[in-house]
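Notes for the one structure printed next.
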Amino acid sequence: MQSWQMEPYQYGDRRMPHHCFPPKQLTIDQLHKLSGVIHYKVDLSDLAATKKRLSNIRQSKNKVASDVLTIDENVRDFEKLCESLYEPIEKKEDEVFFILDGSMYYDIEFAEEEWIRIYLERGDLIVIPKGKPFRCTVTSKNYAKIQRFANQGSR
Ligand SMILES: CSCCC(=O)C(=O)O
């Protein structure tokens with residue numbers, strides 16, 4: 001996981017990093033203070049630890065279901081899917097995303113028109129607090145496998 005403040009106006013390919021200038025990397029603490037996002041690194045090769053982390057998260061966030069979304073150039077309507085994922089959205093429940101493979105950028109609007117970009121790869125799990133606008137995109141590798149979690153009746 002890495003996170004940084006994005007440049008004010010993000011023109012061009014959304015799958016580029018879009019650092020502000022000079023670049024402002026954030027520590028996990030800074031990320032949390034600015035956006036409320038919580039991050040865990042999960043060792044996917046340790047099955048017991050992975051299960052435990054997921055079960056803790058499910059319980060504490062009341063997530064009763066999950067699915068796995070694979071995004072790559074072979075999925076039907078890849079471009080359309082990417083467009084829709086990049087539309088800012090804010091949810092009524094805390095959102096949990098777990099990267100099983102590949103990489104993703106999650107962008108959080110922490111102040112009016114000010115965005116933090118979070119780079120996630122295999123084993124990264126984040127909780128995005130309810131009410132925070134966010135959007136996401138694949139990186140230039142065009143590949144991610146993401147486990148998403150849902151509350152009762154939310155999907
Ligand atoms: C690619 S996972 C994030 C997109 C989203 O908000 C969702 O599907 O719930």
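First listed ligand is number 1; within each ligand, the first listed atom is number 1. Along the sequence shown, the residues carry numbers beginning at 1.
With sequence neighbours excluded, the residues forming a side chain to side chain donor-acceptor pair (under 3.5 Å) with S66 are R58, Q147, listed by chain and number.
Neither the backbone nor the side chain of F98 comes within contact range of ligand 1; no heavy atom lies under 4.0 Å. With a 4.0 Å heavy-atom cut-off, ligand 1 is reached by the side chain of I146 but not by its N, CA, C or O.
When each atom of ligand 1 is checked for a heavy atom of K91 under 4.0 Å away, the hits are 6 (O), 7 (C), 9 (O). Less than 4.0 angstrom separates some heavy atom of F134 from each of these atoms of ligand 1: 6 (O). When each atom of ligand 1 is checked for a heavy atom of L69 under 4.0 Å away, the hits are 1 (C). Every atom of ligand 1 with a heavy atom of L85 under 4.0 Å away is listed here by number and element: 1 (C), 4 (C). Residue C136 has at least one heavy-atom neighbour below 4.0 Å for each of these atoms of ligand 1: 1 (C), 3 (C). The ligand atoms of ligand 1 that sit less than 4.0 angstrom from a heavy atom of Y106 are 1 (C), 2 (S), 3 (C).
Closest non-hydrogen pair, C136 versus M104, comes out as SG-CE, 3.7 Å. Here the closest heavy-atom approach between residue V138 and residue R15 is recorded as O-CG, 3.2 Å.
Taking the side chain as every heavy atom from C-beta outward, D107 and R14 never approach each other to under 4.5 Å.
Chaining together hydrophobic side chains whose heavy atoms lie under 4.5 Å apart places W115 alongside M6, Y86.
Between Y106 and F134, the two ring planes are tilted [angle within 30° to 60°].
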